[in-house]
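Shown next, in C-alpha coordinates, is the structure this report addresses.
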Amino acid sequence: MSSASTSQRIVPKTDYIEEKEDGEAYRKIDAEISGMLPNLPKEKGWASEDLVQYQGFWIHPTFALKAAVQLQHHFNLFQTTGSSTSAASGSLPMYFLATLPKSGTTWLRALMFATLNRSLYDAASPHHPLLTTGPHDCFPFLEMDNMLGNHDHSRPVTSLDHDHHDDRDGGDAMIDNYVPPTSTTQLFATHLPYSLFPKSVTTSSSTYGVSKFVYVCRNPKDVFISLWKFGSKVKAVNTGLAPFSLEEAFELFCRGVCPYGPYWDHVLGFWKASLEMPEQVLFLKYEDLRKEPSANVKRLAEFLGQPFSKEEESKGVVQQIIKLCSFENLSSLEINKTSRTQQYFVKANIVVENSDFFRKGQVGDWKNFFTDDMTKRMDQIIDERFSGSGLTFANP
(Lines give C-alpha, C1' and ligand atoms only; values in the text may rest on other atoms or scores of the structure.)
Protein backbone atom coordinates (compact mmCIF):
# COMPACT_ATOMS: atom_id res chain seq x y z
CA MET A 1 0.00 0.00 0.00
CA SER A 2 1.45 3.39 -0.95
CA SER A 3 2.34 5.78 1.84
CA ALA A 4 0.86 8.52 -0.32
CA SER A 5 -2.78 8.87 0.63
CA THR A 6 -5.16 7.43 -1.93
CA SER A 7 -7.72 10.06 -0.95
CA GLN A 8 -5.58 13.04 -1.83
CA ARG A 9 -4.81 14.26 -5.29
CA ILE A 10 -1.90 16.63 -5.71
CA VAL A 11 -3.00 19.27 -8.18
CA PRO A 12 -2.60 22.99 -8.72
CA LYS A 13 -5.36 25.29 -7.55
CA THR A 14 -5.95 28.66 -9.12
CA ASP A 15 -9.33 30.00 -8.12
CA TYR A 16 -9.18 33.70 -7.45
CA ILE A 17 -10.84 35.87 -4.82
CA GLU A 18 -12.91 38.99 -5.27
CA GLU A 19 -9.94 41.14 -6.26
CA LYS A 20 -9.53 39.04 -9.38
CA GLU A 21 -13.23 39.02 -10.14
CA ASP A 22 -13.75 42.77 -10.06
CA GLY A 23 -10.37 43.49 -11.62
CA GLU A 24 -9.72 46.57 -9.50
CA ALA A 25 -6.60 45.24 -7.80
CA TYR A 26 -5.18 44.17 -11.15
CA ARG A 27 -5.82 47.52 -12.74
CA LYS A 28 -3.91 49.11 -9.89
CA ILE A 29 -1.02 46.71 -10.40
CA ASP A 30 -0.94 47.43 -14.12
CA ALA A 31 -0.86 51.14 -13.39
CA GLU A 32 1.90 50.65 -10.82
CA ILE A 33 4.00 48.67 -13.30
CA SER A 34 3.43 51.20 -16.08
CA GLY A 35 4.66 53.91 -13.75
CA MET A 36 7.81 52.09 -12.65
CA LEU A 37 8.91 50.59 -15.99
CA PRO A 38 10.49 53.76 -17.46
CA ASN A 39 12.68 54.08 -14.37
CA LEU A 40 13.94 50.50 -14.16
CA PRO A 41 17.42 49.63 -15.49
CA LYS A 42 17.14 47.79 -18.81
CA GLU A 43 19.38 45.38 -20.74
CA LYS A 44 19.00 43.26 -23.86
CA GLY A 45 17.07 40.05 -23.26
CA TRP A 46 18.30 36.52 -23.89
CA ALA A 47 15.01 35.10 -25.17
CA SER A 48 13.05 38.35 -25.32
CA GLU A 49 13.78 41.88 -26.45
CA ASP A 50 14.60 43.23 -22.98
CA LEU A 51 15.10 42.46 -19.32
CA VAL A 52 14.52 44.95 -16.52
CA GLN A 53 16.13 45.03 -13.10
CA TYR A 54 13.65 44.84 -10.26
CA GLN A 55 14.85 44.68 -6.66
CA GLY A 56 18.24 43.46 -7.79
CA PHE A 57 17.13 40.82 -10.29
CA TRP A 58 16.82 40.83 -14.09
CA ILE A 59 13.35 39.73 -15.15
CA HIS A 60 10.96 39.90 -18.08
CA PRO A 61 9.36 43.38 -18.16
CA THR A 62 5.80 42.11 -18.47
CA PHE A 63 4.79 38.73 -17.07
CA ALA A 64 7.63 38.25 -14.55
CA LEU A 65 7.50 41.82 -13.28
CA LYS A 66 3.73 41.64 -12.93
CA ALA A 67 3.99 38.34 -11.06
CA ALA A 68 6.59 39.74 -8.67
CA VAL A 69 4.47 42.79 -7.85
CA GLN A 70 1.36 40.68 -7.39
CA LEU A 71 3.16 38.26 -5.12
CA GLN A 72 4.56 40.97 -2.92
CA HIS A 73 1.41 43.01 -2.52
CA HIS A 74 -1.53 40.77 -3.34
CA PHE A 75 -0.60 37.21 -2.52
CA ASN A 76 -4.15 36.40 -1.43
CA LEU A 77 -4.87 35.72 -5.10
CA PHE A 78 -4.74 32.03 -4.30
CA GLN A 79 -7.56 30.32 -2.52
CA THR A 80 -8.45 26.67 -2.35
CA THR A 81 -11.92 25.99 -3.62
CA GLY A 82 -14.07 23.69 -1.57
CA SER A 83 -11.64 23.93 1.32
CA SER A 84 -11.47 27.61 2.16
CA THR A 85 -11.82 26.91 5.87
CA SER A 86 -8.87 24.55 5.81
CA ALA A 87 -6.84 26.98 3.76
CA ALA A 88 -7.54 29.82 6.15
CA SER A 89 -6.46 27.73 9.10
CA GLY A 90 -3.16 26.97 7.41
CA SER A 91 -3.67 23.22 7.03
CA LEU A 92 -3.15 23.00 3.28
CA PRO A 93 0.45 22.88 2.07
CA MET A 94 1.62 24.95 -0.87
CA TYR A 95 4.65 23.62 -2.73
CA PHE A 96 6.89 25.60 -5.05
CA LEU A 97 9.43 24.13 -7.44
CA ALA A 98 11.96 26.95 -7.70
CA THR A 99 14.80 27.06 -10.19
CA LEU A 100 16.82 29.34 -12.36
CA PRO A 101 15.97 28.68 -16.01
CA LYS A 102 17.85 25.71 -17.50
CA SER A 103 18.70 24.18 -14.14
CA GLY A 104 16.60 21.03 -14.38
CA THR A 105 13.10 22.49 -14.18
CA THR A 106 11.52 20.10 -16.69
CA TRP A 107 13.00 17.03 -15.01
CA LEU A 108 11.92 18.11 -11.52
CA ARG A 109 8.43 18.98 -12.70
CA ALA A 110 8.04 15.40 -13.84
CA LEU A 111 9.63 13.93 -10.71
CA MET A 112 7.48 15.99 -8.36
CA PHE A 113 4.29 15.25 -10.25
CA ALA A 114 4.96 11.51 -10.47
CA THR A 115 6.08 11.27 -6.84
CA LEU A 116 3.17 13.19 -5.36
CA ASN A 117 0.55 11.45 -7.52
CA ARG A 118 1.95 7.93 -7.36
CA SER A 119 -1.04 6.57 -5.42
CA LEU A 120 -3.24 7.61 -8.35
CA TYR A 121 -0.97 6.90 -11.30
CA ASP A 122 1.28 3.89 -11.42
CA ALA A 123 4.64 5.02 -12.79
CA ALA A 124 4.92 1.78 -14.76
CA SER A 125 1.49 2.16 -16.35
CA PRO A 126 1.20 2.73 -20.11
CA HIS A 127 -1.53 5.24 -19.27
CA HIS A 128 0.51 7.54 -17.02
CA PRO A 129 -0.29 11.22 -17.76
CA LEU A 130 3.39 12.06 -18.33
CA LEU A 131 3.39 9.80 -21.38
CA THR A 132 0.89 12.03 -23.17
CA THR A 133 1.44 15.41 -21.51
CA GLY A 134 4.57 17.56 -21.36
CA PRO A 135 5.98 18.14 -17.86
CA HIS A 136 5.38 21.87 -18.24
CA ASP A 137 1.64 21.25 -18.40
CA CYS A 138 1.46 19.16 -15.23
CA PHE A 139 1.20 22.14 -12.90
CA PRO A 140 1.22 25.92 -13.30
CA PHE A 141 4.17 28.20 -13.93
CA LEU A 142 3.53 30.94 -11.38
CA GLU A 143 4.78 33.86 -13.46
CA MET A 144 2.57 33.13 -16.45
CA ASP A 145 -0.24 30.65 -15.85
CA ASN A 146 -1.88 32.55 -13.03
CA MET A 147 -0.67 36.05 -13.72
CA LEU A 148 -1.88 36.09 -17.32
CA GLY A 149 -5.23 34.54 -16.47
CA ASN A 150 -4.70 31.71 -18.92
CA HIS A 151 -7.16 29.26 -17.48
CA ASP A 152 -10.75 28.52 -16.75
CA HIS A 153 -10.73 29.31 -13.06
CA SER A 154 -13.84 27.26 -12.36
CA ARG A 155 -11.65 24.15 -12.15
CA PRO A 156 -8.08 23.15 -11.27
CA VAL A 157 -5.48 23.92 -13.88
CA THR A 158 -3.53 21.12 -15.53
CA SER A 159 -4.52 21.06 -19.18
CA LEU A 160 -4.31 17.29 -18.91
CA ASP A 161 -7.43 16.86 -20.98
CA HIS A 162 -6.15 13.84 -22.88
CA ASP A 163 -7.37 10.30 -22.42
CA HIS A 164 -5.85 9.58 -19.03
CA HIS A 165 -6.65 6.63 -16.86
CA ASP A 166 -6.88 5.97 -13.17
CA ASP A 167 -4.85 2.83 -12.51
CA ARG A 168 -5.38 2.47 -8.77
CA ASP A 169 -7.56 -0.59 -9.25
CA GLY A 170 -6.10 -1.68 -12.56
CA GLY A 171 -9.15 -0.30 -14.33
CA ASP A 172 -9.51 2.11 -17.20
CA ALA A 173 -11.74 4.75 -15.61
CA MET A 174 -11.28 7.87 -17.72
CA ILE A 175 -9.99 11.03 -16.07
CA ASP A 176 -10.88 14.10 -18.09
CA ASN A 177 -9.55 16.58 -15.56
CA TYR A 178 -7.81 16.39 -12.23
CA VAL A 179 -10.82 17.35 -10.15
CA PRO A 180 -9.72 17.23 -6.50
CA PRO A 181 -11.56 15.89 -3.52
CA THR A 182 -11.90 18.04 -0.41
CA SER A 183 -8.22 17.97 0.52
CA THR A 184 -5.55 19.08 -1.95
CA THR A 185 -2.07 20.50 -2.22
CA GLN A 186 -1.29 23.60 -4.23
CA LEU A 187 1.66 23.11 -6.55
CA PHE A 188 3.50 25.74 -8.60
CA ALA A 189 6.74 26.13 -10.54
CA THR A 190 8.60 29.43 -10.48
CA HIS A 191 11.87 31.08 -11.45
CA LEU A 192 11.39 34.02 -9.09
CA PRO A 193 14.14 34.54 -6.49
CA TYR A 194 13.45 33.84 -2.84
CA SER A 195 13.71 37.50 -1.84
CA LEU A 196 10.74 38.44 -4.04
CA PHE A 197 8.37 36.18 -2.13
CA PRO A 198 6.42 37.88 0.68
CA LYS A 199 6.80 36.79 4.29
CA SER A 200 3.26 35.48 4.13
CA VAL A 201 4.71 32.70 1.98
CA THR A 202 8.22 32.20 3.36
CA THR A 203 7.45 32.21 7.11
CA SER A 204 6.36 29.08 8.90
CA SER A 205 3.42 30.96 10.42
CA SER A 206 1.94 31.81 7.01
CA THR A 207 -1.80 32.37 7.12
CA TYR A 208 -2.07 30.80 3.66
CA GLY A 209 -0.95 27.38 4.76
CA VAL A 210 2.43 25.74 4.99
CA SER A 211 4.67 26.74 2.10
CA LYS A 212 7.60 24.61 1.01
CA PHE A 213 10.21 25.21 -1.67
CA VAL A 214 12.11 22.58 -3.62
CA TYR A 215 15.10 24.36 -5.17
CA VAL A 216 17.34 22.83 -7.81
CA CYS A 217 20.79 24.29 -8.35
CA ARG A 218 22.98 23.45 -11.35
CA ASN A 219 26.63 24.23 -12.07
CA PRO A 220 26.69 27.81 -13.45
CA LYS A 221 28.80 26.82 -16.44
CA ASP A 222 26.24 24.30 -17.64
CA VAL A 223 23.41 26.72 -16.84
CA PHE A 224 25.07 29.37 -18.97
CA ILE A 225 25.52 27.13 -22.03
CA SER A 226 22.00 25.69 -21.81
CA LEU A 227 20.52 29.18 -21.34
CA TRP A 228 22.48 30.54 -24.29
CA LYS A 229 21.36 27.69 -26.55
CA PHE A 230 17.72 27.95 -25.46
CA GLY A 231 17.61 31.74 -25.61
CA SER A 232 19.22 31.87 -29.04
CA LYS A 233 16.52 29.70 -30.56
CA VAL A 234 13.54 31.25 -28.78
CA LYS A 235 14.69 34.84 -29.33
CA ALA A 236 15.17 34.38 -33.06
CA VAL A 237 11.74 32.78 -33.50
CA ASN A 238 9.78 35.23 -31.34
CA THR A 239 11.47 38.59 -31.87
CA GLY A 240 13.30 38.31 -35.19
CA LEU A 241 16.35 39.71 -33.42
CA ALA A 242 19.78 38.18 -33.74
CA PRO A 243 20.74 36.01 -30.77
CA PHE A 244 23.76 36.77 -28.64
CA SER A 245 27.14 35.50 -29.67
CA LEU A 246 28.77 33.18 -27.13
CA GLU A 247 31.13 35.98 -26.11
CA GLU A 248 28.37 38.56 -25.69
CA ALA A 249 26.23 36.17 -23.65
CA PHE A 250 29.19 35.22 -21.46
CA GLU A 251 29.92 38.84 -20.65
CA LEU A 252 26.31 39.47 -19.68
CA PHE A 253 26.16 36.33 -17.53
CA CYS A 254 29.33 37.29 -15.68
CA ARG A 255 27.82 40.71 -15.00
CA GLY A 256 24.74 39.00 -13.60
CA VAL A 257 22.50 39.97 -16.51
CA CYS A 258 20.51 36.85 -17.37
CA PRO A 259 16.88 35.82 -16.85
CA TYR A 260 16.18 35.95 -13.10
CA GLY A 261 19.85 36.61 -12.45
CA PRO A 262 22.36 37.31 -11.13
CA TYR A 263 22.87 33.56 -10.95
CA TRP A 264 24.82 33.74 -7.67
CA ASP A 265 22.27 35.92 -5.89
CA HIS A 266 19.40 33.67 -6.94
CA VAL A 267 21.18 30.52 -5.78
CA LEU A 268 22.44 32.03 -2.52
CA GLY A 269 18.97 33.28 -1.60
CA PHE A 270 17.57 29.75 -1.57
CA TRP A 271 20.77 28.23 -0.19
CA LYS A 272 20.72 30.47 2.88
CA ALA A 273 17.00 29.86 3.37
CA SER A 274 17.61 26.10 3.24
CA LEU A 275 20.20 26.41 6.01
CA GLU A 276 17.95 28.56 8.17
CA MET A 277 14.71 26.62 7.52
CA PRO A 278 15.55 23.14 6.23
CA GLU A 279 12.00 22.00 6.95
CA GLN A 280 10.70 24.57 4.45
CA VAL A 281 13.39 24.72 1.77
CA LEU A 282 14.94 21.62 0.21
CA PHE A 283 18.11 22.48 -1.72
CA LEU A 284 19.02 19.92 -4.38
CA LYS A 285 21.91 19.86 -6.81
CA TYR A 286 21.29 18.80 -10.39
CA GLU A 287 24.57 16.91 -10.48
CA ASP A 288 23.68 14.94 -7.32
CA LEU A 289 20.32 14.02 -8.84
CA ARG A 290 22.07 12.70 -11.93
CA LYS A 291 24.63 10.77 -9.87
CA GLU A 292 22.31 9.36 -7.20
CA PRO A 293 18.72 9.68 -8.43
CA SER A 294 17.25 7.09 -6.06
CA ALA A 295 18.57 8.68 -2.88
CA ASN A 296 17.51 12.16 -3.97
CA VAL A 297 14.03 11.16 -5.12
CA LYS A 298 13.51 9.59 -1.69
CA ARG A 299 14.70 12.85 -0.10
CA LEU A 300 12.20 14.70 -2.26
CA ALA A 301 9.31 12.44 -1.26
CA GLU A 302 10.23 12.70 2.41
CA PHE A 303 10.39 16.50 2.24
CA LEU A 304 6.99 16.68 0.51
CA GLY A 305 5.42 14.60 3.26
CA GLN A 306 4.96 11.44 1.20
CA PRO A 307 7.91 9.17 1.97
CA PHE A 308 8.16 5.88 0.15
CA SER A 309 7.05 2.89 2.19
CA LYS A 310 9.20 -0.20 2.51
CA GLU A 311 6.68 -2.02 0.37
CA GLU A 312 6.98 0.61 -2.38
CA GLU A 313 10.76 0.41 -2.29
CA SER A 314 10.71 -3.37 -2.44
CA LYS A 315 8.38 -3.21 -5.46
CA GLY A 316 10.74 -0.84 -7.26
CA VAL A 317 8.41 2.18 -7.28
CA VAL A 318 11.30 4.60 -6.83
CA GLN A 319 13.11 3.18 -9.83
CA GLN A 320 9.91 3.19 -11.88
CA ILE A 321 9.47 6.91 -11.24
CA ILE A 322 13.11 7.60 -12.09
CA LYS A 323 12.78 5.67 -15.35
CA LEU A 324 9.50 7.37 -16.27
CA CYS A 325 10.96 10.84 -15.66
CA SER A 326 14.37 10.23 -17.16
CA PHE A 327 15.69 12.51 -19.88
CA GLU A 328 15.98 9.54 -22.21
CA ASN A 329 12.34 8.55 -21.77
CA LEU A 330 10.72 11.98 -21.74
CA SER A 331 12.70 13.30 -24.68
CA SER A 332 11.73 10.29 -26.79
CA LEU A 333 7.98 10.73 -26.30
CA GLU A 334 5.98 12.03 -29.25
CA ILE A 335 4.37 14.74 -27.11
CA ASN A 336 7.80 16.15 -26.29
CA LYS A 337 9.24 15.79 -29.79
CA THR A 338 6.60 17.33 -32.00
CA SER A 339 4.13 19.32 -29.90
CA ARG A 340 3.81 22.76 -28.38
CA THR A 341 1.55 22.24 -25.39
CA GLN A 342 2.59 24.71 -22.68
CA GLN A 343 -0.57 26.70 -22.12
CA TYR A 344 1.20 29.70 -20.64
CA PHE A 345 3.41 30.16 -23.70
CA VAL A 346 0.62 29.50 -26.18
CA LYS A 347 -1.74 32.01 -24.56
CA ALA A 348 1.03 34.61 -24.35
CA ASN A 349 1.78 34.11 -28.07
CA ILE A 350 5.31 32.94 -27.34
CA VAL A 351 6.56 30.13 -29.56
CA VAL A 352 8.42 27.46 -27.60
CA GLU A 353 8.39 23.87 -28.78
CA ASN A 354 8.27 21.06 -26.22
CA SER A 355 11.48 19.75 -27.76
CA ASP A 356 13.24 23.01 -26.81
CA PHE A 357 13.19 21.82 -23.20
CA PHE A 358 15.18 18.71 -24.05
CA ARG A 359 18.65 19.52 -25.34
CA LYS A 360 21.17 17.17 -23.72
CA GLY A 361 20.63 17.07 -19.96
CA GLN A 362 24.30 16.31 -19.49
CA VAL A 363 26.72 17.27 -16.75
CA GLY A 364 29.85 19.06 -17.97
CA ASP A 365 28.72 19.96 -21.49
CA TRP A 366 30.19 23.43 -20.91
CA LYS A 367 33.63 21.96 -21.66
CA ASN A 368 32.66 21.76 -25.32
CA PHE A 369 32.23 25.55 -25.47
CA PHE A 370 34.41 27.28 -22.87
CA THR A 371 37.86 28.59 -23.67
CA ASP A 372 40.58 28.49 -21.02
CA ASP A 373 40.07 32.20 -20.36
CA MET A 374 36.32 31.75 -19.92
CA THR A 375 36.88 28.91 -17.47
CA LYS A 376 39.37 30.94 -15.47
CA ARG A 377 37.09 33.95 -15.28
CA MET A 378 34.03 31.95 -14.29
CA ASP A 379 35.96 30.05 -11.62
CA GLN A 380 37.18 33.34 -10.17
CA ILE A 381 33.65 34.75 -10.01
CA ILE A 382 32.33 31.57 -8.39
CA ASP A 383 35.09 31.67 -5.76
CA GLU A 384 34.36 35.31 -4.98
CA ARG A 385 30.58 35.08 -4.92
CA PHE A 386 30.25 31.87 -2.93
CA SER A 387 33.20 32.32 -0.56
CA GLY A 388 32.18 31.58 3.01
CA SER A 389 28.71 30.36 2.05
CA GLY A 390 29.49 26.65 2.42
CA LEU A 391 28.08 26.00 -1.06
CA THR A 392 30.49 24.38 -3.47
CA PHE A 393 30.30 23.18 -7.05
CA ALA A 394 31.92 20.10 -8.50
CA ASN A 395 33.99 20.78 -11.60
CA PRO A 396 33.07 17.87 -13.89
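Checked options E247, E251, E384; the residue passing with R377 is E251 (criterion: salt bridge (Lys or Arg N to Asp or Glu O under 4.0 Å)). Only one option out of I59, D265, T99, T190 pairs with Y260 in a side-chain contact (heavy atoms from CB on, under 4.5 Å); it is I59. Looking at Y215, F96, F270 one by one, the single match for side-chain contact (heavy atoms from CB on, under 4.5 Å) with Y194 turns out to be F270.
When all heavy atoms of W264 and G256 are compared, the closest pair comes out as CZ2-N, 4.4 Å. The two residues W58 and P41 come nearest to each other via the heavy atoms CZ3-O, 3.5 Å. Nearest heavy atom pair, residue F244 against residue G45, reads CZ-O, 3.2 Å. When every heavy atom of F253 is checked against every heavy atom of P220, the shortest pair comes out as CZ-O, 3.8 Å. When every heavy atom of S34 is checked against every heavy atom of P38, the shortest pair comes out as O-CD, 3.2 Å. Minimum interatomic distance between L97 and T105 (heavy atoms only, all atoms of both residues): CD2-O, 3.8 Å.
Taking the six-membered ring where the residue is Trp, W366 and F370 present perpendicular rings, their angle passing 60° and hence far from 30°. A perpendicular orientation is assigned to the rings of F213 and F197, their planes being inclined by more than 60° (bins at 30° and 60°).
Between E311 and K315 there is a salt bridge, since at least one side-chain N of the basic residue sits less than 4.0 Å from a carboxylate O of the acidic one. Under 4.0 Å is where a charged nitrogen must lie from a carboxylate oxygen, and between E49 and K44 no such pair does. Salt bridge annotation for K66-E143: absent, with no cationic side-chain nitrogen under 4.0 angstrom from a carboxylate oxygen. Taking the charged nitrogens against the carboxylate oxygens, K221 and D379 do have a contact shorter than 4.0 Å, which makes a salt bridge.
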Exercise. Should E43 and Q53 be marked as a side chain to side chain donor-acceptor pair (under 3.5 Å) after you check the CA-CA gap, both sets of side-chain angles, and the distance that decides it?
Worked result: CA-CA 8 Å; E43 291 275 3; Q53 190 179 46; over 6 Å; no
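In this structure, L284 CG and C217 SG are separated by 10.0 Å, a value rounded to the nearest 0.5 Å. In this structure, the separation between CD on Q306 and OG on S119 is 6.5 Å, given to the nearest 0.5 Å. One distance of note links CG of N329 with CG of L130; it measures 9.0 Å at 0.5 Å rounding.
The six-membered or imidazole ring of H127 lies away from that of Y121, with a centre-to-centre distance of 6.0 Å or more. Taking the six-membered ring where the residue is Trp, the centroids of W228 and F250 are separated by 6.0 Å or more.
In this structure, H128 contributes its side chain and L324 its backbone to no donor-acceptor pair below 3.5 Å. Proximity of a side-chain donor or acceptor of N219 to a complementary backbone N or O of A394 within less than 3.5 Å is detected. When atom types are taken as modelled, the side chain of W46 and the backbone of V257 share a donor-acceptor pair closer than 3.5 angstrom. In this structure a side-chain-to-backbone donor-acceptor pair under 3.5 Å is missing from D222 to V363. The main-chain N or O of S309 is found under 3.5 Å from a side-chain atom of E312 such that the two form a donor-acceptor pair. No donor-acceptor pair under 3.5 Å is formed between the side chain of D288 and the backbone N or O of N296.
Inter-residue side-chain proximity for F57 and S195 is flagged as met; some heavy-atom pair is nearer than 4.5 Å. Looking at heavy atoms from C-beta onward, T202 lies out of side-chain contact with S211 at the 4.5 angstrom threshold.
No cation-pi contact links R218 to Y263, judged by a cut-off of 6.0 Å to the six-membered ring centre and 45° from its axis. Stacking of K102 on the aromatic ring of F230 is recorded, both the 6.0 Å distance cut-off and the 45° axial limit being met.
Enclosure of atom NZ in K212 by more than 12 non-hydrogen atoms of other residues, nucleotides or ligands within 6.0 angstrom is indicated. The number of heavy-atom neighbours closer than 6.0 Å to CG of D372, taken from other residues, nucleotides and ligands shown, is 12 or below.
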